[in-house]
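Chain identifiers are assigned alphabetically (A, B, ...) following the order of the sequence lines, protein sequences preceding nucleic acid strands; residue numbering begins at 1 within each chain. Bear in mind that the values here come from a model prediction, so they are computed numbers and not experimental data.
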Number of protein chains: 2
Amino acid sequence: MYQEILTKCILFSDLSKEELSYALQFFSATEKFYEKGDFLNKVTAPLKSFGLVLSGTIQVYMDDIDGNQMIMANVGEGDTFGESLCFLQREAPVYICSLTDSAILWMNTDRIKNPDAHFTYRDIVLANRFTAMLANRTLAMNDRIQILSKLSIRDKLITFFSQYSNRYGSQEFEIPFDRNDMATYLGVNRSALSRELAHMREEGIIDFHKNQFQIKNIFANQ
Amino acid sequence: MYQEILTKCILFSDLSKEELSYALQFFSATEKFYEKGDFLNKVTAPLKSFGLVLSGTIQVYMDDIDGNQMIMANVGEGDTFGESLCFLQREAPVYICSLTDSAILWMNTDRIKNPDAHFTYRDIVLANRFTAMLANRTLAMNDRIQILSKLSIRDKLITFFSQYSNRYGSQEFEIPFDRNDMATYLGVNRSALSRELAHMREEGIIDFHKNQFQIKNIFANQ
DNA sequence: TTATAATGGTTGCATTTGCAACGAATATAT
DNA sequence: ATATATTCGTTGCAAATGCAACCATTATAA
């Protein structure tokens with residue numbers, strides 16, 4: 001049922017039915033269901049598993065030094081969370097909360113970290129897929145850091161748009177955020193973001209409608 | 001000669017002489033020397049290796065959409081670069097340039113990605129060390145994203161300081177940046193950073209001398 | 001020593017941006 | 001259908017911050 005979602009994850013993409021079944025077993029995959037508002041972990045214990053969101057949305061956050069909550073990630077369908085902490089068996093004061101009703105596929109890396117004598121070629125391939133997942137994660141985080149490092153909203157937007165444009169090979173693309181999440185991703189205030197988007201549209205640099213954006217002549221001004 | 005530097009890298013820490021030798025061979029390690037200003041890669045070709053800086057400092061950057069150069073990383077002694085791109089064999093328009101005279105240990109992940117029939121237990125262990133390196137990298141990038149996501153310089157500094165304080169388990173610590181690099185890391189203007197640091201000192205929240213910082217009562221105000 | 005470069009602090013100013021409040025439009029639930 | 005919640009844009013205002021220019025101090029080189 002969740003087949004399509006699984007195949008979106010690099011761990012399980014392009015596997016035969018038999019291989020998929022083996023992979024799920026290799027990562028000790030078990031499905032669990034949560035209701036809106038449920039907590040997925042105990043803060044006191046280190047993460048023994050990482051998760052793949054099969055349906056719904058979950059949020060990872062930690063308490064800030066001044067008591068506020070720092071949102072670390074909103075994780076939607078097909079995306080994973082906690083891989084690094086799980087692999088490193090690192091303790092971290094993170095809370096994982098289900099924003100909607102959700103289904104999570106919990107997995108662990110025990111078979112990678114504690115290989116037995118029968119570690120086979122396909123085990124190595126699966127371990128490499130896990131590594132590739134982390135590598136992809138660092139590249140995605142790097143993209144975000146590029147954006148966040150820009151000093152002005154305008155520059156952040158230009159970087160953000162050009163990344164999407166490159167990724168899709170097109171001047172026109174849809175982004176997976178609403179304005180609120182977009183502002184969070186860019187690290188700016190929502191209304192200031194709206195204002196800057198309006199300015200850029202006035203200047204003829206971009207056009208947009210809801211999540212659909214079009215780059216017109218981003219190089220022209222500035 | 002570079003023994004101490006190697007052992008700082010998770011790939012090579014706590015290895016016997018014999019194991020170290022095997023690890024170097026496993027990653028096809030070869031040393032190369034560069035002069036200040038030398039380029040370490042050809043932009044047109046994908047990265048076939050990742051690097052460990054044995055001495056000196058190198059910089060990774062790419063051309064921005066508007067022709068400016070985006071600095072992606074300053075890599076100092078003992079730190080690595082290009083692991084993700086190398087492992088994924090991903091092409092990316094990055095420039096790698098030596099800021100000083102430098103010595104680089106080039107390595108690759110061929111033995112991980114193309115395991116032969118004799119893939120042994122210690123090969124698995126080394127592959128896992130590589131994975132752990134990536135996992136650590138994502139955690140470090142996450143810390144930086146936490147900081148960059150804050151909207152004010154004050155909040156960025158508070159987050160930055162509390163990370164260091166947690167890491168060293170002390171209210172007093174030394175940071176590895178000069179003011180310029182610190183401003184870049186925090187994603188703010190250097191003089192604005194100096195100004196905010198001065199304010200925080202006036203308010204008795206922190207004290208500092210050069211790279212030596214002391215948190216006094218960061219919780220008090222705000 | 002002297003000269004030069006690098007580093008860090010200070011400040012005036014213009015601009016940007018966060019913030020709050022509000023309203024319109026749309027979506028969702030009852 | 002009606003009510004309610006969500007999303008998005010707009011705007012006035014105050015505060016934060018980028019920017020540039022300058023100076024002091026320290027480090028480095030000649």
Side-chain angles (χ1 to χ4, degrees), chain A residues 36-37 56-57 59 66 68 70-71 74 76 99-101 147-160 174-203 205-214 221-222, chain B residues 36-37 56-57 59 66 68 70-71 74 76 99-101 147-160 174-203 205-214 221-222:
Chain A
K36 178 175 179 173
T57 304
Q59 189 172 70
D66 49 344
N68 297 326
M70 248 184 332
I71 296 169
N74 275 311
L99 291 184
T100 64
D101 289 0
I147 291 169
L148 292 172
S149 298
K150 301 285 176 169
L151 298 185
S152 68
I153 296 181
R154 172 73 60 106
D155 281 346
K156 288 179 197 210
L157 281 171
I158 289 176
T159 306
F160 179 71
E174 192 176 309
I175 65 171
F177 302 116
D178 63 21
R179 287 289 180 281
N180 236 328
D181 291 344
M182 184 179 177
T184 300
Y185 184 79
L186 300 177
V188 301
N189 177 276
R190 184 192 62 84
S191 67
L193 168 61
S194 272
R195 177 166 43 202
E196 190 60 34
L197 284 172
H199 287 165
M200 292 174 78
R201 174 151 58 186
E202 279 169 27
E203 296 176 33
I205 297 177
I206 61 169
D207 202 1
F208 61 93
H209 181 68
K210 306 220 174 185
N211 303 348
Q212 192 77 26
F213 285 84
Q214 181 189 2
N221 321 38
Q222 165 69 254
Chain B
K36 178 175 177 173
T57 305
Q59 190 171 68
D66 49 346
N68 298 325
M70 248 184 332
I71 296 168
N74 275 310
L99 291 183
T100 64
D101 290 359
I147 292 169
L148 292 173
S149 298
K150 300 284 175 169
L151 297 185
S152 68
I153 297 181
R154 171 74 59 107
D155 281 347
K156 288 179 197 209
L157 281 171
I158 289 176
T159 305
F160 178 71
E174 192 176 308
I175 65 172
F177 301 116
D178 63 20
R179 287 290 180 281
N180 236 326
D181 291 344
M182 184 179 177
T184 300
Y185 184 80
L186 299 177
V188 300
N189 177 276
R190 184 191 62 83
S191 68
L193 168 62
S194 272
R195 178 167 41 204
E196 190 60 32
L197 283 173
H199 287 165
M200 291 174 80
R201 173 149 62 185
E202 279 169 28
E203 297 177 31
I205 297 177
I206 61 168
D207 202 2
F208 61 94
H209 181 67
K210 305 220 174 184
N211 303 348
Q212 192 77 26
F213 285 85
Q214 182 188 1
N221 322 41
Q222 169 67 250

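Taking the six-membered ring for Trp and thresholds of 30 and 60 degrees, Phe213(A) and Phe208(A) have nearly parallel ring planes, at less than 30 degrees apart.
Within 4.0 Å (heavy atoms only), Phe177(B) reaches no atom of the nucleic acid at all. Counting non-hydrogen atoms under 4.0 angstrom, Ile153(B) reaches the backbone sugars and phosphates but no base. Residue Ser194(B) is in base contact, counting any heavy-atom pair closer than 4.0 Å across all strands shown. Residue Ser152(A) is classed as a sugar-phosphate contact, given heavy-atom separations below 4.0 Å to backbone atoms only.
Residues Asp178(B) and Asn211(B) share a closest heavy-atom pair of CA-OD1, 4.4 Å. Of all heavy-atom pairs between Gly187(A) and Lys156(A), the closest is O-NZ, 3.7 Å.
Here the nucleotide nearest the side chain of Asp178(B), chosen from dG8(C), dG18(C), dT17(C), is dG8(C). Of the candidates dT7(C), dC19(C), dA20(D), dC19(C) carries the atom nearest the Ser191(A) side chain, counting heavy atoms from C-beta on. Of the listed nucleotides (dG18(C), dG18(D), dC8(D)), dC8(D) has the atom at the smallest distance from the side chain of Asn211(A).
At distances below 3.5 Å, at least one donor-acceptor pair connects side-chain atoms of Thr100(B) with backbone N or O atoms of Thr57(B).
Comparing Leu151(B) and Lys210(B), the nucleotide of DNA chain C nearest to each residue sits closer to the 5' end for Lys210(B). In terms of position along DNA chain D, the nucleotide closest to Arg201(A) lies nearer the 5' end than the nucleotide closest to the other residue of the pair Arg201(A) and Arg195(A).
The rotation axes computed at either terminus of the helix from dT1(C)-dA30(D) to dT30(C)-dA1(D) lie 50° apart, taking five pairs at each end and rounding to 10 degrees.
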message: Determine whether Asp101(B) and Lys36(B) satisfy the following criterion, salt bridge (Lys or Arg N to Asp or Glu O under 4.0 Å), listing intermediate values before the conclusion.
response: CA-CA 5 Å; Asp101(B) 290 359; Lys36(B) 178 175 177 173; over 6 Å; no

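Remark: P of dT11(C) and CZ of Arg190(B) are 14 Å apart, rounded to the nearest angstrom.
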